[in-house]
Amino acid sequence: NGFVQVAGNGTLVISGASGNIGTGTKIELIDNASGTVVRTYFILIFGDVNGDGNIDSADAGEFIDYENFTLNWDPAADALLFRAGDINGDGNIDSADAGLAIDVENYLMAVDQTTGLAVPV
């Protein structure tokens, strides 16, 4: 609540599967007078593919599951996951990204949330 203020007669409604604000969290701007949705936004945190707001071994596990075809992402429905997952910028989501997620968890790397790429700390 301390990061965003709505000017005028509106409300932000935040909904996500995990209860945390992470990749895939939906934010709707509601016009209080009419009750209509004015705009819908989705959170994208580069490196966070499980939507919990963290970049850690849980995300690394999902990278590996995707690479090994035990986890399927739909290119249209899961576009945010594809965008969030390629933290080395090579166009693939694989063990290289998983290794970087582990490095982020261990404070050896960080993910630049502007470029989406892992960078040394």
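Basis for what follows: all heavy atoms, side chains included, without hydrogens, waters or symmetry-related copies.
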Open item on the list: Applying the side chain to side chain contact (heavy atoms under 4.5 Å, CB included) criterion to S34, which one of T36, I30, N32 satisfies it?
Closed with: T36

Open item on the list: side-chain contact (heavy atoms from CB on, under 4.5 Å), that's the test. Do F42 and L80 meet it? Break it down for me.
Closed with: CA-CA 9 Å; F42 290 91; L80 282 177; 3.6 Å; yes

Under 3.5 Å, which donor-acceptor pairs do the side chains of residues 88-95 form with other protein atoms, sequence neighbours left out?
residue, atom, partner, partner atom, Å
N88, OD1, D90, N, 3.3
N88, ND2, D90, OD2, 3.4
D90, OD1, N92, N, 2.9
D94, OD1, A96, N, 3.1

- [ ] Verify side-chain contact (heavy atoms from CB on, under 4.5 Å) between L12 and E28, making sure each step is shown before the conclusion.
- [x] CA-CA 6 Å; L12 291 178; E28 294 177 314; over 6 Å; no

Task: Check: N68 side chain, T70 main-chain N or O, donor-acceptor pair, under 3.5 Å - done: no

Task: Atom pair CD1/CG of I64 and D97 - distance to nearest 0.5 Å - done: 9.0 Å

Open item on the list: Test side-chain contact (heavy atoms from CB on, under 4.5 Å) on I87 and L117; report intermediate values, then the result.
Closed with: CA-CA 5 Å; I87 57 176; L117 300 176; over 6 Å; no

TODO: Show your working on side-chain contact (heavy atoms from CB on, under 4.5 Å) between I14 and T25 and close with a plain yes or no.
DONE: CA-CA 7 Å; I14 301 169; T25 299; 3.6 Å; yes

Task: Residue from N50, T23, V104 passing side chain to side chain contact (heavy atoms under 4.5 Å, CB included) with D59 - done: N50

Open item on the list: If hydrophobic clusters are built by linking Ile, Leu, Val, Met, Phe, Trp and Tyr wherever their side-chain heavy atoms come under 4.5 Å apart, do L108 and I102 end up in the same one?
Closed with: no

Open item on the list: With a 4.5 Å cut-off on side-chain heavy-atom distances among I, L, V, M, F, W and Y, is there a chain of contacts connecting V38 to I27?
Closed with: yes

Open item on the list: So V6 and L29, do their side chains get closer than 4.5 Å, heavy atoms only?
Closed with: yes

TODO: Scan for ring pair (Phe, Tyr, Trp, His ring centres under 6.0 Å) pairs involving residues 56-93, sequence neighbours excluded, and state none if there are none.
DONE: Y66-W73, Y66-F82, W73-F82

